[in-house]
Amino acid sequence: MPYLLRIDSSASGDTSVSRQVADSFTAAWNGDVVHRDLALNPIGHLDAAGITARTTPATEHTPEQKTAALLQDELVEEFLGADAYLFAVPLYNYSIPSVFKAWLDHTMIVGRTISLGGPAPSAGRPAVVVSARGGGYGPGTPRHGKDFLVPALETILGDPNLMALDVRTITPELTYAPTMAPLRHLLPQHHASLEDAHTQAHRQAEEIGRITATQMTT
Ligand SMILES: Cc1cc2nc3c(=O)[nH]c(=O)nc-3n(C[C@H](O)[C@H](O)[C@H](O)COP(=O)(O)O)c2cc1C
């Protein structure tokens, strides 16, 4: 049976806003969930053995390539077995947390999860990215356009030539406002953003649940 694949990557445990909003999504999700927590169980960086294992026949693998190929097989099968995705990926240094970047590097493989020149096996599957960020990045703010995570993930996950997922992004922001004095005047905007994020997560779970249910009956 297909399932929702939820991937967490915030290092902040239960206090993570991305996790809390992702929890709102799964609370409203009516189906099986496979959960991978990259902060609790990091998978390490892709190395030379992992790259060369992809183009070396299995019968010729070194012990290092065998180990690397096993991990890639596990991640790829887990990815392809899902019919919907929930990625909780906070903004770290204007970009993607390294544990999630490592997951992408291991999982995006030409000929398996991406097929340049043809539709990817995951093409059209719905995916939600929840990305909490400490500052505010809306139009008119000094940081507008400097969140490089959202465009990168929307491209990597959503580009028709890559994973081709149907990506929806939720960005609860100004999460620094409750703890950083210079941002305290932005608390109302933070609370509004947070409330909106939980509402969107709930709605997306219902909408994506309807989409996957329809696909199962057609
Ligand atoms: C290592 C690290 C780097 C961060 N870099 C940024 C940043 O570049 N811009 C920003 O707005 N917030 C930044 N933050 C703040 C986080 O985006 C913010 O705390 C967010 O709530 C983290 O998501 P989480 O609550 O799901 O853990 C950073 C936090 C950490 C721990």
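Just so you know, residue 1 is the first one in the sequence shown, and it goes up from there. Note that ligands are numbered from 1 as they come in the structure, with each ligand's atoms numbered from 1 the same way.
Taking CD from Glu77 and OG1 from Thr107, the interatomic distance works out to 11.5 Å, rounded to the nearest 0.5 Å.
For the residue pair Asp105/His45, the side-chain donor-acceptor check at 3.5 Å is not satisfied. Remark: the His202 side chain and the Ser24 side chain contain no N/O donor-acceptor pair separated by less than 3.5 Å.
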Which atom pairs, donor and acceptor, lie under 3.5 Å between side-chain atoms of residues 87-99 and protein residues at least two apart or in another chain?
residue : atom : partner : partner atom : Å
Tyr92   : OH   : Ala11   : N            : 3.1
Tyr94   : OH   : Arg143  : NE           : 3.3

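Using a heavy-atom distance under 4.0 Å as the criterion, the protein contacts of ligand 1 are Ser10, Ser12, Ser16, Val17, Ser18, Pro90, Leu91, Tyr92, Asn93, Tyr94, Ala132, Arg133, Gly134, Gly135, Tyr137, Thr175, Tyr176.
When hydrophobic clusters are built by joining Ile, Leu, Val, Met, Phe, Trp and Tyr residues whose side-chain heavy atoms come closer than 4.5 Å, directly or via intermediates, Leu157 is grouped together with Leu149.
Under a 4.0 Å N-O distance rule, the pair Lys66/Asp73 does not qualify as a salt bridge.
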